2 protein chains.
Amino acid sequence: MDATPRWLTPEQKAAWDSFIRMQEKLIGRLSRRVQADSRMSPADYLVLAKLTESGDGRMRFMDLAKLVEWEKSRMSHQVGRMVKRGLVAKEDCPDDGRGAFVVATPAGHEAIAEAAPVHVDHVRRLFVDALTQDELDTLARLSDRVVAHMEKQPD
Amino acid sequence: MDATPRWLTPEQKAAWDSFIRMQEKLIGRLSRRVQADSRMSPADYLVLAKLTESGDGRMRFMDLAKLVEWEKSRMSHQVGRMVKRGLVAKEDCPDDGRGAFVVATPAGHEAIAEAAPVHVDHVRRLFVDALTQDELDTLARLSDRVVAHMEKQPD
DNA sequence: ACCTTTTGGTTGACGCATCAACCAAGCTAC
DNA sequence: GTAGCTTGGTTGATGCGTCAACCAAAAGGT
């Protein structure tokens, strides 16, 4: 016989389906909102947020990639597009010949400053307000557990 | 003064960050796995699953779109790609001149039959096994609440 | 009958994510 | 010093999701 059953139990499947549905609806709606309100993609938002949070709005390419847990290719494409839109600039790194810094431009700072409160409002409206603080804590705990569990798993 | 505070409380932000992180890691990993194991995208998987679950592997285009909560454009592109890969076919509908059916081809049936158990294993391994059934139930309840709350919200 | 709206579906352009291949600079060890 | 690995980063192809515009058939109203 199989080491693991072939299918999920009905209760397990119900939980999975509920979670997936919520997640898709929430993320979808949120990213359409951020796009509509600010002409930025969620990726733009994330990158600018991390960049400006961290002191002087200037970070090593790979540090940034690790911070948001992206692979370098994704970051490279993303930064490329953002450069084209004037949100960030690249500077090369004096101590490492191959390295690069990513720097938020004034336009980038402006964009994130304008977008952040609106984004937070949507997060609150769609997600935070749906649950009590206790429930939010519970959800955070469960999320952390899932992440910890995944990190132990191969791939 | 503002009706709503400009930022989230630290506890709210912590919950949001945990959830987002988990969600991204989980969905990302899962969709890379399904792609690697079965040469299908998660979208392919979903469409074929719904199509073959529902009786004879044949469904009206819009019914299918509503079932998975996609807009028609997305479904149209998706079905187009799947036709090209031989997973489904389109047939026109006799009673409605503009309508179309989407039908799973034999190759489509085969593909989903092969992919489903592997997919379920990954869901179990990465998600279900991380939590107890009680916790899964809790998560499902909270997810449903968030969805219900979103459905009351504009946009 | 005619006109309008709704429904069913396609299309094209664009931005984003992934994969694989690649290149150059630095590091290690011999 | 030089061979080989690792790290930092780019590039191009391909598939996916969104938006907006569009078309045709079907309903509904008068």
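The model shown is predicted, which means the values in this text are computed figures rather than measured ones. Just so we're on the same page: letters track the sequence lines, and every chain starts at 1.
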### Message
Strictly below 4.0 Å: does B/Arg85 bring a side-chain N or O up to OP1 or OP2 of D/dC16?
### Response
yes
### Query
Could you state the NZ-P distance from B/Lys72 to D/dG17, rounded to the nearest angstrom?
18 Å
### Summary
Note: for A/Gln78 and A/Asp95 on DNA chain C, the residue whose nearest nucleotide lies more 5' is A/Gln78
### Task
Would you kindly compare A/Ser31 and A/Asp63 by the position of their nearest DNA chain D nucleotide and give the one closer to the 5′ end?
A/Asp63
#### Entry: Base of C/dT11 paired with side chain of B/Ser73 (donor-acceptor, under 3.5 Å)
yes
### Task
For B/Lys66, report the nucleic acid contact type (base, sugar-phosphate, nothing); a contact means any heavy atom under 4.0 Å.
sugar-phosphate
### Query
Do the non-hydrogen side-chain atoms of B/Glu91 and B/Val102 ever get within less than 4.5 Å of each other?
no
### Query
Has A/Arg81 got a side-chain N or O lying under 4.0 Å from the OP1 or OP2 atom of C/dC16?
yes
### Message
Under a 4.0 Å threshold between the charged nitrogen and the carboxylate oxygen, would B/Arg85 count as salt-bridged to B/Asp44?
### Response
yes
### Query
Once you round it to whole Å, what is the distance between P of D/dG9 and CG of A/Leu64?
10 Å
### Query
Is B/Lys90 near enough to C/dG9 that one of its side-chain N or O atoms lies under 4.0 angstrom from OP1 or OP2?
no
### Task
Rounded off to whole Å, could you give me the CZ-to-C1' distance for the B/Arg32 and C/dA20 pair?
15 Å
### Message
Please determine whether any donor N or O and acceptor N or O are separated by less than 3.5 Å between the side chain of B/His77 and the base of C/dT10.
### Response
no
#### Entry: For atom CD1 of A/Ile27 and atom P of C/dC16, their distance in whole Å
17 Å
### Message
Tell me if a side-chain donor or acceptor on B/Glu135 pairs with a main-chain N or O of B/Thr132 at a distance below 3.5 Å.
### Response
yes
### Task
Tell me whether B/Leu8 is reachable from A/Ile112 by hopping between hydrophobic residues (I, L, V, M, F, W, Y) whose side-chain heavy atoms are closer than 4.5 Å.
no
### Message
Both A/Arg98 and A/Ser41 contact DNA chain C. Taking the nearest nucleotide for each, which residue is further toward the 5' end?
### Response
A/Ser41
### Query
Starting at CD of A/Glu71 and ending at C1' of C/dC22, how long is that distance when rounded to a whole Å?
16 Å
